[in-house]
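Okay, structure first, notes after.
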Amino acid sequence: MGNIPGICWGFQLLILFVHHCYGFYLPGSYMHTYSTKDAIYAKVNSLTSIETELPFSYYGLPYCKPMGGIKKSAENLGELLMGDQIDNSPYRFRMNVNESLYLCTTSPLNERKVKLLKQRTRDLYQVNMILDNLPVMRITKQNGVNIQWTGFPIGYTPPNSNDDYIINHLKFKVLVHEYEGSGVQIIGTGEEGMGVISEADKTKASGFEIVGFEVIPCSVKYDPEVMTKLHMYDNISSVNCPLELDKSQIIREQERISFTYEVEFVKSDIRWPSRWDAYLKMEGSRVHWFSILNSLMVITFLAGIVFVILLRTVRRDLTRYEELDKEAQAHMNEELSGWKLVVGDVFREPNHSKLLCIMIGDGVQIMGMALVTIVFAALGFMSPASRGMLLTGMIILYLFLGIAAGYVTVCLWRTLKGTAEGWRSLSWSVACFFPGIVFVILTALNFILWGSKSTGAIPISLYFILLSLWFCISVPLTLLGGYLGTRAEPIQYPVRTNQIPREIPARKYPSWLLVLGAGTLPFGTLFIELFFILSSIWLGRFYYVFGFLLIVLLLLIIVCAEVSVVLTYMHLCFEDWRWWWNAFFASGSVSLYVFLYSINYLVFDLQSLSGPVSAVLYLGYSMIMAVAIMLATGTIGFITSFYFVHYLFSSVKID
């Protein structure tokens with residue numbers, strides 16, 4: 001009751017905050033308005049390819065450099081881990097000024113530069129440019145349908161040709177919307193932080209907003225003798241993209257490449273809050289709904305089975321049993337069959353109980369992180385404009401949920417052992433188990449990335465930051481959670497455990513076969529959404545249907561709980577009292593199918609992925625994902641089954 005005044009105060013502050021804000025805009029970033037002729041500079045991110053999945057630095061190729069030198073943009077933890085390297089660029093735009101400009105001419109290409117350009121071109125590397133936090137978009141036509149891509153290629157190789165041509169002229173189209181300061185308050189989240197445009201800022205905010213950024217890439221052969229006489233940002237005549245190869249810029253030794261660009265500003269009716277709509281067009285929404293409908297059918301089917309078990313079989317047996325007098329009960333005990341026979345063994349400590357406690361603790365931490373992150377993302381707080389925010393938010397949540405992991409682990413340990421002895425080493429283990437697995441896999445992959453000189457490699461400085469976060473935040477909070485767990489009231493078993501274990505009858509088929517089969521049902525609720533998630537990660541597509549993902553996650557939790565309860569009941573009916581690990585893996589086995597599906601996706605959907613390095617990276621990251629899913633789903637199944645068994649045997653009055 002002591003927390004009620006604090007909750008009331010918090011609620012009142014929330015109401016005041018909501019009352020003060022006339023309108024919210026999430027997702028987005030703080031709106032910038034520009035006056036005519038204001039200079040705006042584009043930024044460049046790492047070069048990426050769906051063929052290799054190895055990002056490389058933009059300035060690793062012979063591109064023009066800014067006058068003031070290369071300066072890195074501030075990057076958050078998520079951006080660094082994803083391999084983003086955002087630098088400034090020489091591409092300058094002046095608001096509402098249409099112009100064609102010269103940038104620079106390279107020195108004659110040597111053998112190394114030619115080899116590198118050709119390799120990057122044939123590996124289908126893309127240049128990722130950003131203007132006012134919007135990625136550049138390229139629109140191409142395939143079979144009469146407009147297809148949108150982010151970024152543009154480094155170059156291209158014509159069919160049936162060994163020659164490669166570089167993209168050296170860019171035709172930009174910048175869509176702008178005139179903003180007149182309507183007085184609407186806007187709150188946004190983004191890399192610029194949180195900002196509010198209020199009544200007092202009307203005049204200051206008036207101007208033009210950038211609501212679109214498109215490019216048409218061209219390859220143009222210039223005369224280097226003429227072009228070298230020009231200086232950066234000198235005006236040139238407008239250029240039409242040549243269709244003839246002899247008028248395009250070939251990549252070969254001793255060639256001097258001139259880089260130019262032109263920009264056209266076009267007024268648009270698109271308003272600033274809607275400028276990301278073009279990037280986040282939700283393709284396949286019917287497929288998402290089909291996935292959810294499919295999951296609901298599975299849940300209904302399983303719920304029916306659980307209903308039959310709980311309300312018909314179990315209730316009927318218990319009611320009939322309780323109506324008998326003591327003498328009849330004693331006689332009935334001799335004729336009992338199924339789950340009632342294991343009453344003296346059902347709460348016997350399982351094998352490797354310490355490992356089970358650790359995995360349950362880590363599972364609580366991972367599931368809590370996933371649930372909170374997806375809820376925030378579904379509400380719009382994880383904007384695509386805020387690069388790396390999703391991953392950064394997940395890491396921060398995981399760190400602080402260490403307190404929950406420590407608490408649950410020690411509580412379960414006390415329930416199993418009846419004592420809190422050894423809780424410190426247990427808390428240390430749970431703080432190091434899953435992060436340790438991730439650390440080992442990432443370190444192995446990082447050596448591969450270092451060997452490839454990729455920007456995706458984690459810098460040594462970031463390693464120290466991650467280790468500091470791990471040992472200075474996660475471990476102490478997990479120890480604090482463990483300490484609180486020693487103070488909590490342990491769960492009391494409803495029945496006593498016999499000293500001598502009961503013999504388990506032989507079965508025609510092994511129990512692990514049933515456990516593996518159970519994992520197919522949770523996977524059925526997940527696999528369609530898994531395709532979109534993998535496409536987002538590996539094919540460079542934006543994933544922003546977090547509302548669907550939240551629904552799928554909730555359905556997955558329900559299915560995991562139901563599957564585990566049904567399988568636990570079946571094991572008990574077979575007089576198998578070793579239900580602990582079976583309950584965990586009944587739902588946790590979905591991770592095996594997720595990993596197998598990832599391999600299937602690699603073979604059939606990522607056919608363009610080239611080289612063993614890319615395949616090893618893909619499988620390494622897929623392994624981390626599968627382990628996290630196993631711990632999270634296994635924990636749901638175990639906790640549900642534990643309370644089901646506790647409820648079941650708390651109704652049995654056998655001495």
Side-chain angles (χ1 to χ4, degrees), residues 42 44 47 49 51 56-67 89-93 97-129 131 136-142 149 151-174 213-264:
V44 285
L47 305 173
S49 166
E51 285 224 344
F56 288 101
S57 170
Y58 174 82
Y59 290 110
L61 296 181
Y63 284 124
C64 302
K65 295 178 174 59
M67 282 183 172
S89 84
Y91 289 93
R92 185 199 68 187
F93 304 89
V97 177
N98 298 340
E99 51 192 351
S100 299
L101 302 173
Y102 166 79
L103 275 182
C104 73
T105 301
T106 66
S107 55
L109 296 178
N110 57 31
E111 184 184 354
R112 189 187 68 81
K113 288 181 180 176
V114 168
K115 185 180 178 182
L116 193 61
L117 277 170
K118 280 179 168 287
Q119 185 181 344
R120 298 283 185 267
T121 299
R122 296 191 177 189
D123 284 341
L124 303 182
Y125 270 88
Q126 302 273 321
V127 176
N128 299 295
M129 199 171 283
L131 182 69
V136 70
M137 182 185 289
R138 175 170 53 100
I139 300 172
T140 58
K141 274 200 172 184
Q142 288 185 5
W149 304 86
F152 57 89
I154 286 171
Y156 62 92
T157 307
N160 306 317
S161 173
N162 288 324
D163 293 327
D164 301 285
Y165 295 83
I166 191 170
I167 299 298
N168 63 333
H169 181 74
L170 301 172
K171 298 168 79 77
F172 292 107
K173 182 164 77 172
V174 181
F213 184 35
E214 299 173 8
V215 68
I216 299 172
C218 310
S219 182
V220 180
K221 174 70 175 173
Y222 290 110
D223 183 354
E225 298 301 324
V226 175
M227 301 305 284
T228 48
K229 294 175 182 176
L230 299 174
H231 299 93
M232 188 177 281
Y233 304 129
D234 280 354
N235 287 304
I236 59 168
S237 56
S238 182
V239 178
N240 291 321
C241 293
L243 299 176
E244 302 86 356
L245 291 177
D246 59 338
K247 293 182 181 178
S248 301
Q249 179 59 60
I250 195 169
I251 301 172
R252 65 184 172 199
E253 286 186 52
Q254 299 307 312
E255 283 286 322
R256 301 186 71 185
I257 301 169
S258 296
F259 289 92
T260 56
Y261 70 100
E262 54 190 273
V263 59
E264 177 189 10

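All residue numbers refer to positions in the sequence shown, counting from 1. Note: hydrogens, waters and symmetry copies are ignored here, and every other heavy atom, side chains too, is used.
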Neighbour count >12 (heavy atoms, 6.0 Å) for atom CD, E244: yes
Are more than 12 heavy atoms, taken from residues, nucleotides or ligands other than I236, located less than 6.0 Å from that residue's CD1 atom? yes
Look at the aromatic rings of Y261 and F172 and report parallel, tilted or perpendicular, splitting at 30° and 60°. perpendicular
Would you say the side chain of I167 lies within less than 4.5 Å of the side chain of C218, judging by non-hydrogen atoms? no
Value for OG (S238) from NE2 (H169), rounded to nearest 0.5 Å, stands at 6.0 Å
With side chains defined as the heavy atoms from C-beta onward, is the minimum distance between F93 and F213 less than 4.5 Å? yes
Might you work through the side chain to side chain contact (heavy atoms under 4.5 Å, CB included) test for L117 and D164, ending with a clear yes or no? CA-CA 9 Å; L117 277 170; D164 301 285; over 6 Å; no
State whether the number of non-hydrogen atoms from other residues, nucleotides or ligands found under 6.0 Å of N162 atom CG is greater than 12. no
Measuring from atom CD1 of I166 to atom NZ of K221, what distance do you get when rounded to the nearest 0.5 angstrom? 12.0 Å
On a heavy-atom basis, which atom in P242 and which in V220 lie closest, and how many Å separate them? CD-CG2, 3.8 Å
Flag the pair W149 / I139 as yes when at least one side-chain heavy-atom distance between them is below 4.5 Å, and no otherwise. no
Contact between F259 and P90 at the side-chain level, heavy atoms closer than 4.5 Å - yes or no? no
Looking only at heavy atoms, the pair that brings Y156 and S248 closest together is OH-OG, 3.4 Å
Would you say that more than 12 heavy atoms from the other residues, nucleotides or ligands in this model lie under 6.0 Å from the CG of N240, or not? no
Between CD1 of I257 and CG of L61, what distance do you get to the nearest 0.5 Å? 10.0 Å
Looking at K113 and E255, is there a salt bridge between them, counting it only when a charged N and a carboxylate O are closer than 4.0 Å? no
Looking at every heavy atom in both T105 and S258, which two are closest together, and how far apart are they? OG1-OG, 2.8 Å
Kindly compute the distance separating OG1 (T228) from OH (Y102), expressed to the nearest 0.5 Å. 6.5 Å
Hey, does N235 have a side-chain heavy atom less than 4.5 Å from the side chain of E99? yes
Look only at the side chain of S89 and the backbone of V44, and say whether a donor-acceptor pair between them is shorter than 3.5 Å. no
Quick check for you: to the nearest 0.5 Å, what is the distance between E111 atom CD and Q254 atom CD? 11.0 Å
Taking S107's backbone N and O only, do any of them form a donor-acceptor pair with R256's side chain (distance below 3.5 Å, no angle check)? no
Please check this pair: side chain of D123 against backbone of Y125, looking for a donor-acceptor N/O pair closer than 3.5 Å. no
Sub-3.5 Å donor-acceptor pair from the side chain of N128 to the main-chain atoms of G151, do we have one? no
Would R138 pass as a cation-pi partner of F152, given that its NZ or CZ must be under 6.0 Å from the six-membered ring centre and within 45 degrees of the axis? no
Are any side-chain N or O atoms of E262 and backbone N or O atoms of V239, one a donor and one an acceptor, separated by less than 3.5 Å? yes
Taking I251's backbone N and O only, do any of them form a donor-acceptor pair with D163's side chain (distance below 3.5 Å, no angle check)? no
One pair to check against side chain to side chain contact (heavy atoms under 4.5 Å, CB included): R252 and L109. What are the steps and the verdict? CA-CA 7 Å; R252 65 184 172 199; L109 296 178; over 6 Å; no
Main-chain N/O of Q249 paired to S219 side chain as donor or acceptor, under 3.5 Å: yes
Step-by-step side chain to side chain donor-acceptor pair (under 3.5 Å) determination, Y222 to T260: CA-CA 10 Å; Y222 290 110; T260 56; 2.6 Å; yes
Could you grab the distance from atom CE of M227 to atom CG of L103, nearest 0.5 Å is fine? 9.5 Å
